[in-house]
Amino acid sequence: MLDAKLLRSNLDTVAAKLKTRGFMLDTQAIQSLEAQRKDFQVAAQTLQAERNAKSKGIGKAKASGEDIAPLLAEVASLGDKLKEAEEASQDVQAKIENIYAGIPNLPHASTPIGGGEEDNVEVRKWGTPGDFDFEPKDHVELAEAKGWFDNEAAVKIASARFSVLKGPMAKLQRALTQFMLDMHSDAGFEEVYVPFIVNQESLRGTGQLPKFEADLYKISKNDEHDTNDRDLYLIPTGEVPVTNIYRDDIIDVNDLPIKMTSHTPCFRSEAGSYGRDTKGLIRQHQFEKVEMVQLSKPEDSAQALEDLTLQAESILQKLGLPYRVMALCTGDIGFSASKTNDLEVWLPGQQAYREISSISLFEDFQARRLKTRYRIGQDKPQLVHTLNGSGLAVGRTLVAVLENYQQADGSIVVPDALQPYLGGVTKL
RNA sequence: GGUGACGUGGCCGAGAGGCUGAAGGCGCUCCCCUGCUAAGGGAGUAUUGGCUUUAAACCCAAUCGAGAGUUCGAAUCUCUCCGUCACCGCCA
């Protein structure tokens, strides 16, 4: 959520910045609603003050034994008027809230301007796509030939876009997960274990709700009496539970930056992606991810984004997987993001770079919703800046290892960094 | 799941319709006193919004787990929900 004060005072500047990311701000609607809000709020508060004063008078009169009947008569109509004013005020505020909740973050000054994916900017490239003296296969072919990948079983158990991994492939996924967690721990990230089911407040905090309900799996409680808003959701990313650890908290400045890492499954409905990446592990309803989350001081956050990017890159480098870093343009960054770097790994099976990590700076956009603040000494609390990034998407890393380390005979060489996690095995 | 107790500031803890944004204590900050240490004295110490402003103070409103209700007036009474604790049941 953007700062309401900023929206009031610099509406046109905000609108211009949002336009670069393809969002048209209805400035007229906001202006007129804000004007109404002011009127209604002042009116309601004036009535409240009046009521408070008179009620206090009644209390005193009663205490000193005076007749309070005339005073009561005086206040008689106040209640209704107050109720009306309060409702009008709340009404407008709800409308404003609604509009504000749907406004995306302002792009960072360093985010390239552009309309869509094609305008993203390559920042750097690492490694060289391997030279195969045979036709490289894609991961599905490789894994199926070994009996490591059972799509039919997954469909039988659940539905399309789920997988059953077997034997060495399942172990390789576990090895990758542990490898990543160890790397991040060594770099000073605290490992955390979190709930994979979250409430609505958490999803609002990180910005998935109210706008992106369709992408989420909602869990109904199976209780016909339960008519309130206690619905729970499967997490679409570890970002949600991990960032929400500090919701409503005020952090001592000496405890910043806070750096956390967590391994979680992620659940996405992938509504609207029919027909894309239908084969294999690239796009699943359930996948594993190791996430990094960082809370930082505002003045450190831009650097923190670069640091997180390098941290994610270090995983790919240790694994020897060629990749490139893309700075997403204004038209392609996510709703809550101010700036995003994507890591794209080379997949020989597709002869293409594919997204394997997304690292984003949210500035105070999430923190405002989360009410995550920090305090210097006795000063007033200020909003922190939040960041997160995949480090990495484990399923896609698994794909990348299979495809980049395949041999002509269909076997897979185990990257050096992973061998300790597989009992020293060098080839699968 | 059942029964009972309970959610008050950074923490502990009083309050049980009005004089309570909230006694008292601890902690913390500043000042005084003090050879050192220990002790003592004084002042301050929540958040959000409105208004004003260069900024702040002042002023006003809201907040005693959350929401709704009763009342001229709610931390206090009623209802719903969430959570904590104890005992019982079940369970990896």
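Residue numbering restarts at 1 for every chain, and letters A, B, ... go by the order of the sequence lines.
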**Q.** Which residue lies more 5' along RNA chain B, comparing A:L78 with A:E86 via nearest heavy atoms
**A.** A:E86
(Q) With rounding to the nearest 0.5 angstrom, report the CD to CG distance, A:Q36 to A:D91. (A) 9.5 Å
Q) Got a donor-acceptor pair under 3.5 Å from the side chain of A:K62 to the base of B:G18? A) yes
Q: For A:K171, look at atom NZ and say whether over 12 heavy atoms of other residues, nucleotides or ligands are found less than 6.0 Å away.
A: no
Q. Using a 3.5 Å cut-off on both pairing distances, which stems of three or more Watson-Crick or G-U pairs include RNA chain B?
A. B:1-7 with B:82-88, B:10-12 with B:24-26, B:27-32 with B:40-45, B:46-50 with B:59-63, B:65-69 with B:77-81
Q.
I need the CD-P distance between A:E201 and B:C82, as an integer number of Å.
A. 12 Å
**Q.** Between B:G21 and B:C87 - C1' atom distance, rounded Å
**A.** 38 Å
Q: Return the residues of residues 248-255 of chain A meeting this criterion: a heavy atom under 4.0 Å from some atom of RNA chain B. Order them by number, or give none.
A: none
Q | Whole-angstrom distance between B:G18 and B:U78, as gauged at atom P | A | 16 Å
Q. Closest to the A:P381 side chain: B:U47, B:U70, B:C60?
A. B:U47
Q: For B:G1 and B:U63, measure between their C1' atoms and round to the nearest Å.
A: 35 Å
Q: Take the protein atom CZ of A:R373 and the nucleotide atom P of B:A46, then report the distance between them rounded to whole Å.
A: 14 Å
Q: Pick the C1' atom in B:G15 and in B:G69, then give their distance to the nearest Å.
A: 23 Å
Q: Let me know the distance between CD of A:E50 and C1' of B:C60, rounded to the nearest Å.
A: 13 Å
**Q.** side-chain hydrogen bond (donor to acceptor under 3.5 Å, both in side chains), paired with A:Q366, selected from A:R247, A:E239, A:H385
**A.** A:E239
(Q) Rounding to an integer number of Å, can you tell me how far A:F40 CZ sits from B:C51 C1'? (A) 19 Å
Q | Separation of atom CD in A:Q45 from atom C1' in B:A62, rounded to whole Å | A | 8 Å
Q) Do the side-chain N and O atoms of A:D342 and A:S358 include a donor-acceptor pair separated by under 3.5 angstrom? A) yes
Q: Would you kindly compare A:T46 and A:I58 by the position of their nearest RNA chain B nucleotide and give the one closer to the 5′ end?
A: A:T46
**Q.** Atom P, compared across B:A43 and B:G35: separation rounded to whole Å
**A.** 24 Å
Q.
Tell me whether the rings of A:F335 and A:F212 are parallel (<30°), tilted (30 to 60°) or perpendicular (>60°).
A. perpendicular
Q: Write down the distance separating the P atoms in B:C60 and B:U20, rounded off to the nearest Å.
A: 16 Å
Q. Salt bridge (charged side-chain N to carboxylate O under 4.0 Å, His left out) with A:E34: which of A:K5, A:K95, A:R8?
A. A:R8
Q: For B:G40 and B:U34, measure between their C1' atoms and round to the nearest Å.
A: 9 Å
Q. Where do A:N151 and A:K279 land on the side-chain contact (heavy atoms from CB on, under 4.5 Å) test, with the steps shown first?
A. CA-CA 9 Å; A:N151 192 47; A:K279 252 177 44 173; over 6 Å; no
Q: Measure from CZ on A:R51 to P on B:C72 and round the result to the nearest Å.
A: 12 Å
Q: Using a cut-off of strictly less than 4.0 Å, decide whether A:R375 has a side-chain nitrogen or oxygen near OP1 or OP2 of B:A46.
A: no
Q. Contact class for A:K38 (heavy atom, under 4.0 Å): base, sugar-phosphate, or nothing?
A. sugar-phosphate
Q: Nearest whole angstrom, please: distance from the C1' of B:A61 to the CG of A:L47.
A: 12 Å
Q: Please measure how far the P atom in B:C32 lies from the corresponding atom in B:A74, and state the result in whole Å.
A: 45 Å
Q. Counting side-chain heavy atoms from C-beta on, which of B:C72, B:A61, B:U47 comes nearest to A:N52?
A. B:A61
Q) Without hydrogens or angle criteria, can the side chains of A:E288 and A:H263 be said to hold a donor-acceptor pair below 3.5 Å? A) yes
Q) Of all heavy-atom pairs between A:I356 and A:L392, which one has the smallest distance, and what is that distance? A) O-CB, 4.0 Å
(Q) Of the options B:U70, B:G50, B:U48, whose atoms approach the side-chain atoms of A:Q41 most closely? (A) B:G50
Q | Distance-only side-chain donor-acceptor flag, A:D182 / A:S185, under 3.5 Å | A | no
Q. Counting any heavy atom closer than 4.0 Å, what does A:R8 reach on the DNA or RNA strands: base, sugar-phosphate only, or nothing?
A. sugar-phosphate
Q.
Could you work out, with side chain to side chain donor-acceptor pair (under 3.5 Å) as the rule, every residue matching A:Q45, not counting sequence neighbours?
A. none
Q: Would you kindly give the CG-to-C1' distance between A:D3 and B:U48, to the nearest whole Å?
A: 13 Å
